[in-house]
Amino acid sequence: MDMAMSNIYWLWLATRPGCTVRFLTRLLEQFATPEAVWKAVREELSGFPRMNHIRLEALLDKDLTYANRIERDCREQDIQIVTWEDELYPAPLRQIADPPLVLYVRGTLPDFSSQLAISVVGTRKCTPYGLHAARYFAGKLAQNGCIIVSGMALGIDGAANQAALDAGGMTIAVLGCGVDVCYPWQHEKLMQDMIHHGAVISEYPPGTEPRGRHFPIRNRIITGLSRGTLVVEAPKKSGALISADLALEQGREVFAVPGDVNRPSCAGCNGLIRQGGAELVQEPSDILSHYERTDGKRTAVRQIRKKTERQELRLASQTQLQRSAQPEQLPLVYQNRTLDVSPDERTVWLAVHNGHETVDAIVEETGLPTAVVLTALTMLEVNAYVIITGSGYRPAADIQL
């Protein structure tokens, strides 16, 4: 089969509505290729684990019109299609739980196997201090041969991408829209420069407009491409902290630049350091020397230790919250609270309420992408709608449906 036709089946599979990446990956484990999935009939598909009506009907829709249109648009706009089976597919992404089946690329993908990739994330509403730190760290790391990965957003992300370019280094932006769509519009020149001296990539087909739910989902790719994630100036509730959690879930290192204790925009970074979720760094050399002095085995041990310590700290704090939240100790206003959350958060909470304690179990139960589930769990935890236990998540006892 020629490459173009093989891509058509990948595009068809990756765009099946209602099918999570993890579900599709398991389908491929059984059927081996997207073409085999496309050829599968109802009897072969209906008994597959976690199959439901929406997924089954999506997989029985054999119309390749949309996939052919995506392929044509990519060809006409010089957008490269990189599938899971492609040699150019970034090796680090193969290691995460829910790697995208297809990447759309404008520019040149570097060799992530031979170069150290560091993602730089932070708040959009940054201070001059945060901008300076992002530019300083990203520029110096790029000068030393690191690939700088970020999201091209306003604030810290865009500053890191720009600094890497100014330093003559390689930088990658992972978008929450199609690679033919510039978002934010203020970064049109930055995007064009990155296409010529790096790459912009996305798992969303050309023409896909930016949507709020896309950005937490794309964050898993930012951290998944990188061996380490640097958090620069992030408030307590921010996408950057979601990225830090994703990096830890993926077994990656997390670093943080400390900030002014009186600034809310620095509270997230300082909290990460205090809780043991991130290593404090003051100079780019702190990150470079970390990887120079650790081999793969020691790095893995350190990642596991950090993740475990952070989980223990979070468990301790949640245990205290649980003890203080007993109905007889709560003011009347906090008893029998209603679930005032977004639709995704409600779906995740109901899954936890029905006994699904782990992230994997919640993803399977809800059909939501992992990043969406992690975002929802973070918000539910912040608002004390769920509590972390030794075995996973459980609902707070004072919620009235």
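With sequence neighbours left out, Asp78 forms a side chain to side chain donor-acceptor pair (under 3.5 Å) with no residue at all. For Arg135, the side chain to side chain donor-acceptor pair (under 3.5 Å) criterion is met by no residue, not counting sequence neighbours. Applying the side chain to side chain donor-acceptor pair (under 3.5 Å) test to Thr229 and every residue at least two apart in sequence or in another chain returns Ser119.
When all heavy atoms are compared, the tightest approach of Leu45 to Met51 is O-CE, 3.2 Å. Nearest heavy atoms, Asp157 versus Arg218: OD2-NH2, 4.4 Å. Minimum heavy-atom separation, Ile79 to Pro206: CD1-CG, 3.8 Å. Of all heavy-atom pairs spanning Asp86 and Ile81, the tightest one is OD2-O, 4.1 Å. Between Arg50 and Glu364, the shortest heavy-atom contact is CG-OE1, 3.1 Å. Nearest approach of Ala160 to Ala138, heavy atoms of both residues: O-CB, 3.5 Å.
Ring geometry for Phe48 against Phe31 counts as tilted: the plane angle lies between 30° and 60°, on a 0 to 90° scale. Using cut-offs of 30° and 60° on the angle between ring planes, the pair Phe215 and Tyr183 is tilted. Classified by interplanar angle (parallel below 30°, tilted 30° to 60°, perpendicular above 60°), the ring pair Trp38/Tyr9 is tilted.
Counting only N and O atoms by type, the side chains of Asp63 and Thr65 include a donor and acceptor under 3.5 Å apart. Side-chain contact of Thr123 with Glu233: a donor-acceptor pair under 3.5 Å is absent, judged by distance alone. Inspection of the Asp166 and Gln162 side chains reveals an N or O donor paired with an N or O acceptor under 3.5 Å.
Rounding to the nearest 0.5 Å gives a distance of 7.0 Å between CD of Glu71 and CG of Asn7. Taken from CD1 in Ile118 to OG1 in Thr223, the straight-line distance is 12.0 Å, to the nearest 0.5 Å. With rounding to the nearest 0.5 angstrom, the CD atom of Gln143 is 11.0 Å from the CG atom of Leu288. Summarising the geometry, atom CG belonging to Leu246 is positioned 11.0 Å from atom CG belonging to Leu241; distances are rounded to the nearest 0.5 Å. To the nearest 0.5 Å, the span separating CD1 on Ile172 from CZ on Phe112 amounts to 5.0 Å. Atom CG of Leu165 and atom NZ of Lys189 lie 8.5 Å apart (nearest 0.5 Å).
No side-chain heavy atom of Ile222 sits under 4.5 Å from any side-chain heavy atom of Ser150. Looking only at side-chain heavy atoms (C-beta outward), Val37 and Arg16 stay at 4.5 Å or farther from each other. Counting heavy atoms from C-beta outward, Val232 and Cys269 have side chains that stay 4.5 Å or more apart. The side-chain heavy atoms of Val181 and Glu209, taken from C-beta on, include a pair separated by under 4.5 Å. Between Ile148 and Leu141 the shortest side-chain heavy-atom distance falls below 4.5 Å. Taking the side chain as every heavy atom from C-beta outward, Pro100 and Arg220 approach each other to under 4.5 Å. Side-chain contact between Ser6 and Glu85: present, with at least one pair of heavy atoms (C-beta onward) separated by less than 4.5 Å. Counting only heavy atoms from C-beta outward, the side chains of Ser265 and Thr127 approach each other to under 4.5 Å.
A donor-acceptor pair is defined here as one N or O able to donate and one able to accept, closer than 3.5 Å; no such pair exists between the side chain of Trp12 and the backbone of Glu35. Remark: side-chain polar atoms of Arg252 are paired, donor with acceptor, to backbone N or O of Gly224 under 3.5 angstrom. Side-chain atoms of Asn144 come within 3.5 Å of backbone N or O of Lys140 as a donor-acceptor pair. Without hydrogens or angle criteria, Asn161 side chain to Met152 main chain gives a donor-acceptor distance under 3.5 Å. The closest donor-acceptor contact from the side chain of Asp286 to the backbone of Val281 lies at 3.5 Å or more, if one exists at all. Between the Tyr66 side chain and the Thr15 main chain, no donor and acceptor come within less than 3.5 Å of each other. A donor-acceptor pair under 3.5 Å is formed between the side chain of Ser202 and the backbone N or O of Cys177. With Lys62 contributing its side chain and Leu59 its backbone, the two residues share a donor-acceptor pair below 3.5 Å. With Asn270 contributing its side chain and Pro258 its backbone, the two residues share no donor-acceptor pair below 3.5 Å. A donor-acceptor contact shorter than 3.5 Å is absent between the side chain of Arg227 and the backbone of Leu116.
Counting heavy-atom neighbours within 6.0 Å of Gln282 CD, excluding the residue itself, gives a total of 12 or less. Atom CZ of Arg263 has 12 or fewer neighbouring heavy atoms from other residues, nucleotides or ligands inside a 6.0 Å radius. Counting heavy atoms of neighbouring residues, nucleotides and ligands inside a 6.0 Å radius, atom CG of Leu88 exceeds 12 of them. No more than 12 heavy atoms of other residues, nucleotides or ligands shown are found within 6.0 angstrom of CD on Glu188.
Under the side chain to side chain contact (heavy atoms under 4.5 Å, CB included) rule, Ser226 has a single partner from Ile221, Val121, Val149, which is Val149.
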